[in-house]
2 protein chains.
Amino acid sequence: MRKKENIETIYTAALKIFAKFGYQKATVEDIAKTMNMTKGNLYLYVKNKKALYRETVSWALQKWQFRVATAVDRETDVKRRFEVMCFKAVEYLSQDDHLRRVLIHDPEIFPMFPEKDPFEEINQNSVLMIKTILEQGIEEKAFRKVNTERVSEIIFLIYKMFIIRTYIKRETEFMQQVFAETVELVTHGLFMESPLMGVEKTGT
Amino acid sequence: MRKKENIETIYTAALKIFAKFGYQKATVEDIAKTMNMTKGNLYLYVKNKKALYRETVSWALQKWQFRVATAVDRETDVKRRFEVMCFKAVEYLSQDDHLRRVLIHDPEIFPMFPEKDPFEEINQNSVLMIKTILEQGIEEKAFRKVNTERVSEIIFLIYKMFIIRTYIKRETEFMQQVFAETVELVTHGLFMESPLMGVEKTGT
DNA sequence: AAATGAACAATATTTTTATTTGTTCATTTA
DNA sequence: TAAATGAACAAATAAAAATATTGTTCATTT
């Protein structure tokens, strides 16, 4: 087995076992056996169990993020981009059963209210993606002039909320409806008002 | 000590001790001592520790809810009512230090994603309050025609999210800003569009 | 009628013992 | 000779036993 070359094989096997048992109950022997190797051999490729866990989860999260980014990039209309980003993120997770189960075992990976976010860098990238779409939308006068710094954080929060609910409860169809309604609410707003609102901070 | 008459004295003392130590570490003796009575005597007024906890928390939650309802009732304009409801709920909690600390000790009281909500009845009342405001807003043509059933749930979810963040992290001033921005986002929406959108489901 | 405090069962905490599992490395394999 | 093995052992977990605390009752006192 060549290093680098097949590190993804290891992550795939590790993710499967961590999904099945969670970090604590999964043994490195379980993971090695999945690939028909001994645990001693596995140690030629990974530093230790904790590092393997971190790298595996990180790899899975980034794959997720990449999928969303790719779907968003296929769109040109900024409103579509925003919607695709929202839906794709939720949709992907409901399909990646292993990552979903790992998240159930260890909610600290993607915490609703992080004290110290273990994958802060990855999540900041997600916020950045939202922010970029917001900026594009405002530039193109498709979106109201909001504080992109704060609003991207808020949207990420709401999005997180749905992600967590989606993987905790398997009521996918129902959640899809509620999520759609939420995107509708956030994009169109609750109040009725003049169409010029928010274009410019025009004094009352 | 007359029954009924001073049951609130007991709840007040209990809330104080539960806030300080949490359910587990708080002893019924601690609570009795706070009122200069013995634990044996306290048992004349409460069934057991668990029931005392439940009743105390329930009492505190309802006081909170009542305060918000009262503030909302003082307003006539439906948009103001909506905003007051949002802000008052967060503001109240940041002031009730005992309830806040009890919630920190026991996040199951007000869970972000309840499996089985222990105070479901109280929370359903909150959702109902939101729903009622939504219906009034739509009736008065101040709000877009949304599905009040679902949207009230969604708003309660978002509101919960802020409540929990508010009591976990003491960054009140910052949260106040972000919360205001969120209310702005939910009320006015992100997209720019025709003012008639949502008035009636007019075919594309 | 309201409150006490001793009694005791039920829970929780700490300590001890036993078991499993993470990690290393001299030796073997292909 | 790079890759893999499996025995060895330390570190971490789990199970069991011993100890201490606290929830609850109730006959007696205020």
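Basis for what follows: all heavy atoms, side chains included, without hydrogens, waters or symmetry-related copies. Chain A is the first sequence line, chain B the second, and so forth, proteins listed ahead of strands; every chain is numbered from 1. Keep in mind it's a predicted model, so treat the numbers as computed, not measured.
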> In terms of the nearest nucleotide of DNA chain C, which residue is placed more toward the 5' end: A:Lys47 or B:Gly40?
Replying inline: B:Gly40

> Is A:Glu75 salt-bridged to A:Arg81, cutoff N-O under 4.0 Å?
Replying inline: no

>> So, taking the atom named CD in A:Glu140 and the one named CG in A:Asp77, what distance separates them when rounded to the nearest 0.5 Å?
In response: 7.5 Å

> Given D:dT5, D:dT24, C:dA2, which nucleotide is nearest the side-chain atoms of A:Thr38?
Replying inline: D:dT5

>> Under 4.0 Å, heavy atoms only, any strand: does A:Ala26 hit a base, just the sugar-phosphate, or nothing?
In response: sugar-phosphate

>> With rounding to the nearest 0.5 angstrom, report the CD1 to CE distance, B:Ile154 to A:Met161.
In response: 8.0 Å

> Going from CG on A:Asp97 to OH on A:Tyr167, what distance comes out if it is rounded to the nearest 0.5 angstrom?
Replying inline: 14.0 Å

>> Going by purine N1 to pyrimidine N3 plus the second Watson-Crick contact, or the G-U wobble pair, all under 3.5 Å, which nucleotide sits opposite D:dA27?
In response: C:dT4

>> Measuring from the side chain of B:Asn48 (C-beta onward, heavy atoms only), which nucleotide among C:dA3, D:dT24, D:dA3 has the closest atom?
In response: D:dT24

>> When you measure from the side-chain N and O atoms of B:Lys25 to the phosphate of C:dT13, is any distance below 4.0 Å, counting only OP1 and OP2?
In response: yes

> Out of C:dT23, D:dG23, C:dT4, which has the shortest distance to the side chain of A:Tyr43?
Replying inline: C:dT23

> Is B:Lys39 side chain donor-acceptor paired with the D:dG23 base, going by distance under 3.5 Å alone?
Replying inline: yes

